[in-house]
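All values derive from a computational prediction rather than experimental measurement. No hydrogens, no waters, no symmetry mates; every other heavy atom, side chains included, goes into these values. Residue numbering restarts at 1 for every chain, and letters A, B, ... go by the order of the sequence lines.
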Amino acid sequence: MAAQSPTLMTTTLAADERNARDARADGLFRKLVAAAAFFVLIALTGAALSMLWGGRDAFTTFGFKFLYSTDWDAVNLKFGALVPIYGTLVTALIAMLIAVPVSFGIALFLTEVAPGWLRGPVSAAIELLAGIPSIIYGMWGLFVFVPIMGEYVTPWLNDHLGQWPLLGPLFRGPPLGIGMLTAGIVLAIMVIPFISSVMREVFLTVPTRLKESAYALGSTTWEVVWDIVLPYTRSAVIGGIFLGLGRALGETMAVTFVLGNAHRLSASLLEPGNSIAATIANEFTEADSDLYRSSLIALGFLLFVVTFVVLAAAKLMLRRLSRQEGTK
Amino acid sequence: MLTSIKTRFVAVGLAGVLGAASAQAADITGAGATFIYPILSKWSDSYHNATGNKVNYQSIGSGGGIAQIKAGTVVFGSSDKPLDPKELADAGLAQFPSVIGGVVPVVNVEGVDAGKLRFTGPLLADIFQGKITKWNDPAIAQVNPDLKLEDKAITIVHRSDGSGTTFNFVNYLSKVSPEWKAKVGEGTAVSWPVGVGGKGNEGVAAYVKQIKGSIGYVELAYALQNKMSYAAMQNAAGQFVQPSLASFQAAAASADWKNAKDFHLVITNAPGENSWPITATNFILVYKQPRNSAGTKAALDFFKWAWDNGSAQAEALDYVPLPKPLVEQIEAYWQSEIQL
């Protein structure tokens, strides 16, 4: 230490100064990104609390009955959220049942099967699909898809699936063309771009040598995808699926156009129903009494809760999956 | 008290901003029913050309219009459902009609041309309650002896959004059917016993056009533009009438405005041989003692100008201009009720 030359001393001094400056910059940076993260938390709690506050009239008036009552009567001011909650969950479920396998197929085709020249254009097309505003899907659904459903699909469903012993009632109903099944299919088309583009991106991250080794051992393409690609990317794939699910739960305009907006609970998927977001969008402007408006805001809060519960369940499932992975 | 002070601050602040934005001519701000938006934007365009004054109308729905005028953020509000005199007095508001339109039942039944199918009020109420489910029901055949209707299920199409169109339609059904009044009632949105809901007039029109055997209700303009098969209705005098500007005007003229305090009158089921039974009125709300009296005066001038000069434009859009005696009654009401 004592034998340090003057030049070395100045460099250490300069280095110390730089370290201090870096530490300051680091601290500032940390605060900045923390503020960004906290902003999300504050916005989230703020939105949840203000909806809870706005809906307090409905919650205090109806209590727990608000959750399981099928009433929706603006004349006698009786409101219940069961029909919209049911419609929201069922349409989102139908959408996911269709969208997940199709998106998986798209991503698989684009990363493993398709010739190189085709990958670019198709991937671009999928990203473009994701950018179409939902009202366009709604209008397409109403003017193009609904007549097809009413004319061909629902009569066929009635005659065939409608006759099945257990699932039959789901597919029996008037050939209106609008209803929960139609809404679910339109939603599926809307979320496919989201899910498939996430899947495609993460499938591309699988190291080539893993796949090449499997092929070298004689695996088929399917075996490579199912046993190598999917386990490697599982959590990201499930994340993509829940991104799509979140969108399906909250979608408003497209659903409003094709769902039929009827406040009735029915077993059949061909009957019209209602969803939380559609109810709010439809009725908020003309909600002329305080309790009515409060009930609509309370519905908004419930959509928040439903989404939260669904996503939390997904996270739990993911954690259990990764734990099982460790024991294997 | 606290909220009223707060809204006053907001109102003053807003007025300040608006005032600063355009200092030269009076800006007339209004908000409310979507029903009058097409004609109001036409009128305000012509009015701007004629006088240089601008009318800024936000078509946010009747509920929003009532809320905005009560908060004092606009000079006039607009509602398809009249407020009763007590509510008006509590809020210090005056109310008068602006323009008249009509709601017509539209059907999608094979082989039935526009205006051929006929309904009575109670029959329409029974159909919309789901009590009559087939087009070949004897009750329908009874008032339509000339038509041969097929054995097809009836699908009801109603509005999914709260609306003045719905209000006037169910108000009529409540007047002609005690059972409807007891079980469903009236309002801008009701609990429909059966059917599917379309968003807006265009949503109902689209559903009716697509679903075979359906029946819905829309404003006349939508029925005509979409070339839909509308139905004739039996009116209070027992006559079957076709929906038209003439029959709407007849209803507006024969309605008992003279005895309606603050024009609190829904002119459905109006008396008179030629009256269309589901005629609708839009109402304008202004303050009786406005803080912004220049703005309110400008708004009243605008409506006066529109009634004097805008009849042809109204008729071109399938609205009915107010009858002359009604305009005179409104002006007398302004004189006595509104302090500028």
Report yes if the side chains of [X] and [Y] come closer than 4.5 Å at any heavy-atom pair, otherwise no.
| X | Y | value |
| --- | --- | --- |
| V190(B) | D73(A) | no |
| F143(A) | Q210(B) | yes |
| V184(B) | V75(A) | no |
| Y207(B) | L142(A) | yes |
| I211(B) | I178(A) | yes |

Over 12 non-hydrogen atoms of neighbours within 6.0 angstrom of OH in Y37(B):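 Counting other residues, nucleotides and ligands, OH of Y37(B) stays at 12 neighbours or fewer.
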query: Which answer fits S163(B), side chain, backbone, both or neither, if we ask what part of it has an atom under 4.5 Å from a heavy atom of chain A?
result: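 It is the backbone, since no side chain atom gets that close.
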- request: Heavy-atom distances under 4.5 Å only: say whether S62(B) touches chain A with side chain, backbone, both or neither.
  value: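 Both parts, backbone and side chain.
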message: Restricting to non-hydrogen atoms, name the atom on P272(A) and the atom on G195(B) that form the minimum distance, rounded to 0.1 Å.
response: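 Residues P272(A) and G195(B), closest heavy atoms: CG-O, 4.2 Å.
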Minimum-distance pair of heavy atoms, taken over all atoms of K199(B) and T256(A):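 Distance-wise, the nearest heavy atoms are CD-CG2, 3.5 Å.
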query: With chain A, which of G65(B), A189(B), A33(B), G197(B) has the greatest number of heavy-atom pairs at distances under 4.5 Å?
result: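 It is G197(B).
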How many angstroms lie between [atom1] in [X] and [atom2] in [Y], if you round to the nearest 0.5 Å?
| X | Y | atom1 | atom2 | result |
| --- | --- | --- | --- | --- |
| M139(A) | E202(B) | CE | CD | 10.0 Å |
| N274(A) | S160(B) | CG | OG | 7.5 Å |
| I60(B) | F284(A) | CD1 | CZ | 11.0 Å |

- request: Under 4.5 Å heavy-atom distance to chain B, tell me which part of A278(A) shows up: side chain, backbone, both or neither.
  value: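 For A278(A), neither part sits under 4.5 Å from chain B.
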query: Heavy-atom distance under 4.5 Å to chain B: side chain of M149(A), backbone, both or neither?
result: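 Nothing of M149(A), per the 4.5 Å heavy-atom cut-off to chain B.
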task: Go through N261(A) and V196(B) one step at a time and tell me if the side chain to side chain contact (heavy atoms under 4.5 Å, CB included) criterion holds.
output: CA-CA 6 Å; N261(A) 306 304; V196(B) 299; over 6 Å; no
message: Can you tell whether the side chains of K212(B) and E151(A) come within less than 4.0 Å, N to carboxylate O?
response: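 Judged by the 4.0 Å cut-off on N to carboxylate O distance, K212(B) and E151(A) do form a salt bridge.
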